Amino acid sequence: MEKQKTIRYLKLPFCFDPGKLEKDLAIVSNAAWIQHYNTKDYSGDWSAIPLYAINGDATNIFATSFDSSGVKETPILKECLYFQEVMQTFQFEVTAVRLLRLGAGAVIQPHTDHELGYENGYFRLHVPLVTNPGVKFLLDGDRLRMLPGECWYINANFEHSVSNAGTSDRVHLVIDGIRNEWTDELFFSLAPKENYECESPAESPEMIRRMMEELQHLSEPAAEELLAGLRQKLVLLEGK
């Protein structure tokens, strides 16, 4: 029997009010959007506002998938009642929650993330707030057309890219969470359990270096441990 492919994406059975989402977005629209730190991976405006971050720090847009300790609401979220209602829908621990804006004309280059698929015990959800027909989100060769108010699981282990050829911004609420019994019941109701097995692409030296660059933004002990492991992987891959 042919082995089934690992799930790349799912449209989850949640539907949020696009008008209320946009209203809360308007509340924070004048806040300080912070340019994404992976400057090599994009051109144009790719920026963020954190809603949950370590110690509730409204300047910390780093997303770490391995630890939820110390992650708290930022003051910005406290102003947004509907965003709070949306978050109450999800019964799992979060490691980061951000608004991510891709400005008109901006492009995020093809890339992968480190162990950010459901099979790894961590996952990423996207709730579009505003978008336009010129947005092209590609995941492992498939174009995803995500509409305001929908909720999507994205397996970020697989290569993905985004371009905004429209004349308006695209803004998503992006939620990173930790797998648990509640999420297992949800995900396995949409696809069989065997579809959530590891099938991550082979790691390349370039991918390892990118992961290391991201982790260097953190001073947490867990980040240092991951960095040490990645350095060893890099040595093995390069044959030094």
Side-chain angles (χ1 to χ4, degrees), residues 6-16 21 24 36 38 48-58 60-74 76-78 80 82-101 111-129 137 139-140 144 146 148-158 160 162 171-193 195-200 211 214-215 217-218 220 222-223 226:
T6 299
I7 290 294
R8 267 61 169 169
Y9 55 87
L10 290 169
K11 183 181 177 183
L12 302 183
F14 303 109
C15 185
F16 302 109
L21 291 171
D24 270 13
H36 201 283
N38 286 333
I49 291 177
L51 300 183
Y52 280 82
I54 294 175
N55 297 323
D57 182 357
N60 181 5
I61 67 168
F62 189 84
T64 173
S65 62
F66 51 81
D67 190 6
S68 64
S69 61
V71 174
K72 302 176 182 178
E73 294 182 6
T74 65
I76 296 169
L77 179 59
K78 295 174 182 178
C80 304
Y82 193 62
F83 289 164
Q84 293 178 41
E85 185 177 329
V86 170
M87 292 307 304
Q88 289 168 5
T89 303
F90 304 114
Q91 299 175 38
F92 54 80
E93 293 182 75
V94 298
T95 60
V97 180
R98 301 167 293 168
L99 299 177
L100 288 178
R101 180 178 69 185
H111 66 285
T112 60
D113 292 285
H114 179 57
E115 294 188 351
L116 194 50
Y118 197 73
E119 62 274 14
N120 302 118
Y122 310 99
F123 59 92
R124 174 164 291 170
L125 305 183
H126 281 247
V127 177
L129 308 185
F137 190 114
L139 175 63
D140 198 34
L144 307 188
M146 298 180 278
E150 296 178 345
C151 182
W152 289 73
Y153 158 66
I154 304 299
N155 190 326
N157 287 335
F158 295 91
H160 51 287
V162 196
V171 182
H172 282 195
L173 173 64
V174 179
I175 304 163
D176 290 355
I178 298 177
R179 177 176 173 173
N180 64 14
E181 291 182 3
W182 184 88
T183 61
D184 275 355
E185 183 175 352
L186 170 63
F187 277 67
F188 299 162
S189 72
L190 300 171
K193 183 177 181 179
N195 284 65
Y196 301 95
E197 296 178 355
C198 286
E199 190 194 330
S200 300
M211 295 174 196
E214 293 185 7
L215 288 169
H217 290 266
L218 285 181
E220 304 295 321
L226 285 175

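Keep in mind that what you see is a predicted model, and the values were worked out from it rather than measured. We count residues from 1, following the sequence as given.
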State which residues pass side chain to side chain donor-acceptor pair (under 3.5 Å) with [X]; sequence neighbours excluded, sorted by chain then number.
X      : result
Arg101 : Asp45, Ser47
His160 : His111, Asp113
Thr183 : Tyr118, Asn180

Inset, instruction - With sequence neighbours excluded, tell me which residues meet ring pair (Phe, Tyr, Trp, His ring centres under 6.0 Å) with Tyr153. - result: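 Checked Tyr153 against ring pair (Phe, Tyr, Trp, His ring centres under 6.0 Å); matches are Phe187.
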
Hey, are the side chains of [X] and [Y] touching, using non-hydrogen atoms and a 4.5 Å cut-off?
X      : Y      : value
Val174 : Ile154 : no
Met146 : His172 : yes
Val162 : Phe137 : yes
Asn155 : Glu119 : yes
Thr74  : Pro50  : yes
Ile175 : Cys151 : no

Spell out, as yes or no, whether a donor-acceptor pair under 3.5 Å connects the side chain of [X] to the backbone of [Y].
X      : Y      : result
Asp24  : Phe83  : yes
Gln84  : Lys78  : yes
Asn195 : Ile7   : no
Asn157 : Glu115 : yes

Inset, instruction - For Leu173 and Leu51, run side-chain contact (heavy atoms from CB on, under 4.5 Å): C-alpha distance rounded to whole Å, both residues' side-chain angles, the deciding distance at 0.1 Å, then the answer. - result: CA-CA 9 Å; Leu173 173 64; Leu51 300 183; 3.6 Å; yes

What's the shortest heavy-atom distance between [X] and [Y], and which atoms?
X      : Y      : value
Thr112 : Phe158 : CG2-C, 3.8 Å
Leu129 : Pro148 : O-CB, 3.6 Å
Leu12  : Leu186 : CD1-CD2, 4.3 Å

Inset, instruction - Could you note down all residue pairs passing salt bridge (charged side-chain N to carboxylate O under 4.0 Å, His left out) where residues 177-189 supplies at least one of them, sequence neighbours left out? - result: Arg179-Asp184

Inset, instruction - Return the set of residues passing side-chain contact (heavy atoms from CB on, under 4.5 Å) with Gln91 (not counting sequence neighbours), or none when no residue passes. - result: Trp182

Legend entry - Partners meeting side-chain contact (heavy atoms from CB on, under 4.5 Å) with Glu85 (sequence neighbours left out):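 Glu85 satisfies side-chain contact (heavy atoms from CB on, under 4.5 Å) with Tyr82 once adjacent residues are dropped.
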
Inset, instruction - Output, in order, the C-alpha distance, side-chain angles, deciding distance and verdict of side-chain contact (heavy atoms from CB on, under 4.5 Å) for Met87 and Val94. - result: CA-CA 10 Å; Met87 292 307 304; Val94 298; 3.9 Å; yes

Legend entry - Plane angle bin for Phe90 and Phe16 - parallel if under 30°, tilted between 30 and 60°, otherwise perpendicular: perpendicular

Would you compute the distance between atom [atom1] of [X] and atom [atom2] of [Y] and round it to the nearest 0.5 angstrom?
X     : Y      : atom1 : atom2 : value
Glu93 : Ile178 : CD    : CD1   : 5.0 Å
Arg98 : Ile61  : CZ    : CD1   : 7.0 Å
Leu77 : Ile49  : CG    : CD1   : 11.5 Å

Legend entry - All salt bridge (charged side-chain N to carboxylate O under 4.0 Å, His left out) counterparts of Glu150, not counting sequence neighbours: Lys11

